[in-house]
Visitor: 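Provided herewith is a single structure, encoded as structure tokens, for subsequent inquiry.
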Amino acid sequence: MMNNPDFINNIITRRSIRKFSQEIVTSKQVNLILKAAMYAPSAVNEQPWHFIVIEEQKKLKEITKVHPHAKMLKEAPLAILVCWDDNLLKTSGYFEQDCAAATQNMLLAIHSMKLGAVWLGVHPRLERKEGLRKLFTIPENVHPFSLIAIGHPAEQKDHPQRFLEDRIHIEKW
């Protein structure tokens, strides 16, 4: 089996970045981020996601009025809103895992491009979902799930030790 230490390092060193420079994120980078999202695993391969790319500074600032933890969007050059579409569901109960996997794929792709990002929770907070629905005129069958602030990092963070052997159980508790 082939070991890819760069891939593992990308996972281990990814951190939530909340401070960004004003340098733009290119359309090529955005397309690669979205491509990574769409290659996430999905139950029954239903791929229930839609993505809203937000670059307009006025809209980014308006998000901070409906999401209490989104203040970094005032300086971020870009955000992507991950949504799921009820009309794309083939089965019930898996849209959360599917959208979370797409969100994580984006975070890892972003980090691999030396960009920074932070995952801002939306679902299941009704006030956040409805605020974003109104702001982006999202149809009733589509639901906001997560929001990712993206940009060139203006901060560096160390990665903590998170590998905890006492959380591993072999064959039994």
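Below, each value reflects all heavy atoms present in this structure, side chains not excepted, and no hydrogens, waters or symmetry copies. Position 1 is the first residue of the sequence; numbering continues from there.
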Visitor: Calculate, to the nearest 0.5 Å, the distance between atoms CG and OG belonging to Leu115 and Ser21 respectively.
Guide: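 Atom-to-atom, Leu115:CG and Ser21:OG are 9.0 Å apart.
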Visitor: Can a salt bridge be assigned to the pair Arg133 and Glu130 using a cut-off of 4.0 Å between side-chain N and carboxylate O?
Guide: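 Between Glu130 and Arg133 there is a salt bridge, with a charged N closer than 4.0 Å to a carboxylate O.
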Visitor: Which of these, Val82, Val66, Leu147, sits in a side-chain contact (heavy atoms from CB on, under 4.5 Å) with Val122?
Guide: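 So, applying the side-chain contact (heavy atoms from CB on, under 4.5 Å) to Val122 and each of Val82, Val66, Leu147, only Leu147 qualifies.
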Visitor: Any link between Leu164 and Trp173 through a network of hydrophobic side chains (Ile, Leu, Val, Met, Phe, Trp, Tyr) touching at under 4.5 Å?
Guide: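 No, Leu164 does not connect to Trp173 through the hydrophobic network.
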Visitor: Could you pull out the closest heavy-atom pair between Cys83 and Ile52, with the gap in Å?
Guide: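 Looking at all heavy atoms of both residues, the closest pair is SG-CD1, 4.4 Å.
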Visitor: Are Phe95 and His123 close enough, and set up right, to give a ring-ring contact (aromatic ring centres under 6.0 Å, His included), and what steps lead you there?
Guide: CA-CA 11 Å; Phe95 67 88; His123 176 76; 5.6 Å; yes
Visitor: Look at the side chain of Asp98 and the backbone N and O of Pro48, then say whether any donor-acceptor pair between them is shorter than 3.5 Å.
Guide: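 Checking the backbone N and O of Pro48 against the side chain of Asp98, no donor-acceptor pair under 3.5 Å is found.
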Visitor: Kindly say whether Lys71 contributes a backbone atom to a donor-acceptor pair with the side chain of Lys61 at under 3.5 angstrom?
Guide: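 A pair under 3.5 Å: no.
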Visitor: Hydrophobic cluster membership, with links at side-chain heavy-atom distances under 4.5 Å among I/L/V/M/F/W/Y: are Phe136 and Val53 in one?
Guide: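 Shared cluster, no.
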Visitor: Would you find a donor on one side and an acceptor on the other, under 3.5 Å apart, between the side chain of Asp85 and the backbone of Trp49?
Guide: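 No, Asp85 side chain to Trp49 backbone: no donor-acceptor pair under 3.5 Å.
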Visitor: Kindly give the heavy-atom pair with the smallest separation between Ile54 and Lys59, and that separation in Å.
Guide: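 For Ile54 and Lys59, the tightest heavy-atom pair comes out as CG2-CB, 3.8 Å.
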Visitor: Taking all atoms of both residues into account, what is the closest heavy-atom pair of Ser42 and Gln47, and its distance?
Guide: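 In this case the closest contact between Ser42 and Gln47 is OG-N, 2.8 Å.
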Visitor: Ring pair (Phe, Tyr, Trp, His ring centres under 6.0 Å): which pairs involve residues 7-40, sequence neighbours left out?
Guide: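 Qualifying pairs, neighbours excluded: none.
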Visitor: Could you state the interatomic distance from CD1 (Ile11) to CD1 (Ile8), rounded to the nearest 0.5 Å?
Guide: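 Going from the CD1 atom of Ile11 to the CD1 atom of Ile8 covers 4.5 Å.
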Visitor: For the pair Lys157 (side chain) and Ser16 (backbone), establish whether a donor and an acceptor sit closer than 3.5 Å, ignoring hydrogens and angles.
Guide: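 Answer holds: yes.
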Visitor: Just jot down the ring-ring contact (aromatic ring centres under 6.0 Å, His included) partners of His67, sequence neighbours excluded, or say none.
Guide: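 None.
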Visitor: Which pair of non-hydrogen atoms, one from Ala79 and one from Leu73, has the smallest distance, and what is that distance?
Guide: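 Nearest heavy atoms, Ala79 then Leu73: CB-CD2, 3.8 Å.
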Visitor: Which atom names give the shortest non-hydrogen contact between Leu132 and Ile138, and what distance separates them?
Guide: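 So the minimum-distance heavy-atom pair works out to O-CD1, 3.8 Å.
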Visitor: Can you find a pair of side-chain heavy atoms, one from Val30 and one from Leu32, that are under 4.5 Å apart?
Guide: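 No, side chains not in contact.
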Visitor: Side-chain heavy atoms nearer than 4.5 Å, only ILVMFWY residues, links allowed to pass through others: does that put Leu107 and Ile80 together?
Guide: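 Linked, Leu107 and Ile80 end up in one cluster.
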Visitor: Mark yes or no for whether Glu55, through its side chain, and Leu78, through its backbone, hold a donor-acceptor pair below 3.5 Å.
Guide: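 Flag not set: sc Glu55 to bb Leu78 has no pair under 3.5 Å.
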Visitor: Identify the two heavy atoms, one from Thr26 and one from Gln29, that lie closest to each other, and give their separation to 0.1 Å.
Guide: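 What the structure gives for the nearest pair is N-OE1, 2.9 Å.
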